[in-house]
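Below: the structure, in structure tokens.
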Amino acid sequence: MKATVFYFSVSGTTKRFAEIIADAMSAEGVEARAMSIEAVDEQWVKESRCVILGTPTYFADMAGTVKCFLEKCGSYEMAGKLAGAFATARYVHGGGEAAIQMIQTHFMCYGMLVYSGGSQDGLTIHLGPVAIREQADEYVDTFRIYGSRMAKKALELWG
């Protein structure tokens, strides 16, 4: 089973966390690939059962580049796929959750199945994980847990 972990990254932080999620998914038996939204392997995405999208936050929202991507990614046959989102922010109240919710709303409009794992396995991740750039290393385990949960759910649904 394939999964795509999309990201848009300027400083490298969002890319780093996309790769952490993809690695955690792969450890669960899902063939996951982190991929910039600026270099999409369209066939891989179409074959993926799970799609996760990460964004840095700007002005308490997703990056404009991510919004533009979301408005045209329907050609990747998104309906019915498991969906998740994550964000990176410079500040604790920098808009990470708002960005995640906006991504999830777009995914629902495409007919995707939005999932986060909630409080499964002990750590609560209600919407999706957010990493604060200045303390990024403190969030690695949270992102690994998130990737693991997304992989397990994808395998449960389609494995």
Side-chain angles (χ1 to χ4, degrees), residues 1-58 61-89 96-97 99-118 120-121 125 127-131 133 136 139-159:
M1 175 184 314
K2 293 181 180 176
T4 301
V5 184
F6 279 125
Y7 65 87
F8 172 71
S9 190
V10 174
S11 70
T13 303
T14 310
K15 177 184 179 183
R16 175 185 177 205
F17 283 97
E19 291 169 346
I20 290 167
I21 292 170
D23 289 346
M25 295 182 84
S26 294
E28 295 293 339
V30 172
E31 193 177 353
R33 187 186 293 177
M35 181 182 308
S36 169
I37 63 172
E38 298 168 310
V40 175
D41 179 340
E42 189 170 337
Q43 190 59 39
W44 181 273
V45 179
K46 286 180 177 181
E47 294 171 4
S48 293
R49 291 299 211 155
C50 179
V51 173
I52 300 169
L53 175 59
T55 183
T57 56
Y58 296 109
D61 199 353
M62 71 178 106
T65 304
V66 174
K67 176 135 180 14
C68 289
F69 170 77
L70 282 166
E71 290 177 358
K72 59 185 177 183
C73 71
S75 64
Y76 302 139
E77 301 172 7
M78 303 296 259
K81 295 180 188 300
L82 185 64
F86 70 96
T88 58
E97 284 98 359
I100 289 169
Q101 285 180 310
M102 295 290 24
I103 291 170
Q104 290 173 338
T105 298
H106 280 78
F107 281 164
M108 286 187 285
C109 289
Y110 281 121
M112 299 177 78
L113 309 169
V114 174
Y115 182 71
S116 70
Q120 177 180 314
D121 299 328
I125 305 172
L127 301 172
V130 178
R133 188 174 70 185
Y139 297 94
V140 170
D141 287 342
T142 301
F143 278 72
R144 282 189 186 126
I145 290 168
Y146 178 74
S148 175
R149 287 180 186 171
M150 293 298 288
K152 287 176 183 176
K153 182 55 72 175
L155 290 167
E156 177 185 324
L157 293 171
W158 295 288

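Please read all numbers here as calculations on a predicted model, not as lab measurements. Excluded from the calculations below are hydrogen atoms, water molecules and symmetry mates; all remaining heavy atoms, backbone and side chain alike, are included.
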Is any side-chain heavy atom of [Y] closer than 4.5 Å to one of [X]?
X	Y	value
Ser36	Tyr7	yes
Ile20	Phe17	yes
Met150	Ile52	yes
Leu70	Met102	no
Phe6	Val40	yes
Met78	Val51	yes
Phe107	Leu53	yes
Phe69	His106	no

- Item | Carboxylate-amine/guanidinium proximity below 4.0 Å for Arg16 and Glu19 | no

Could you grab the distance from atom [atom1] of [X] to atom [atom2] of [Y], nearest 0.5 Å is fine?
X	Y	atom1	atom2	value
Lys2	Met25	NZ	CE	13.5 Å
Leu157	Lys81	CG	NZ	13.0 Å
Met1	Cys50	CE	SG	9.0 Å
Met108	Gln101	CE	CD	8.5 Å

[X] (side chain) donor-acceptor with [Y] (main chain) under 3.5 angstrom:
X	Y	result
Ser26	Ala22	yes
Gln104	Leu127	yes
Arg33	Val45	no
Ser116	Ile125	yes
Trp44	Ala3	yes

- Tyr146 and Phe86: aromatic ring centres closer than 6.0 Å? no

- Any idea which heavy atoms bring Ala83 and Met112 closest together, and the distance? CB-CE, 3.6 Å

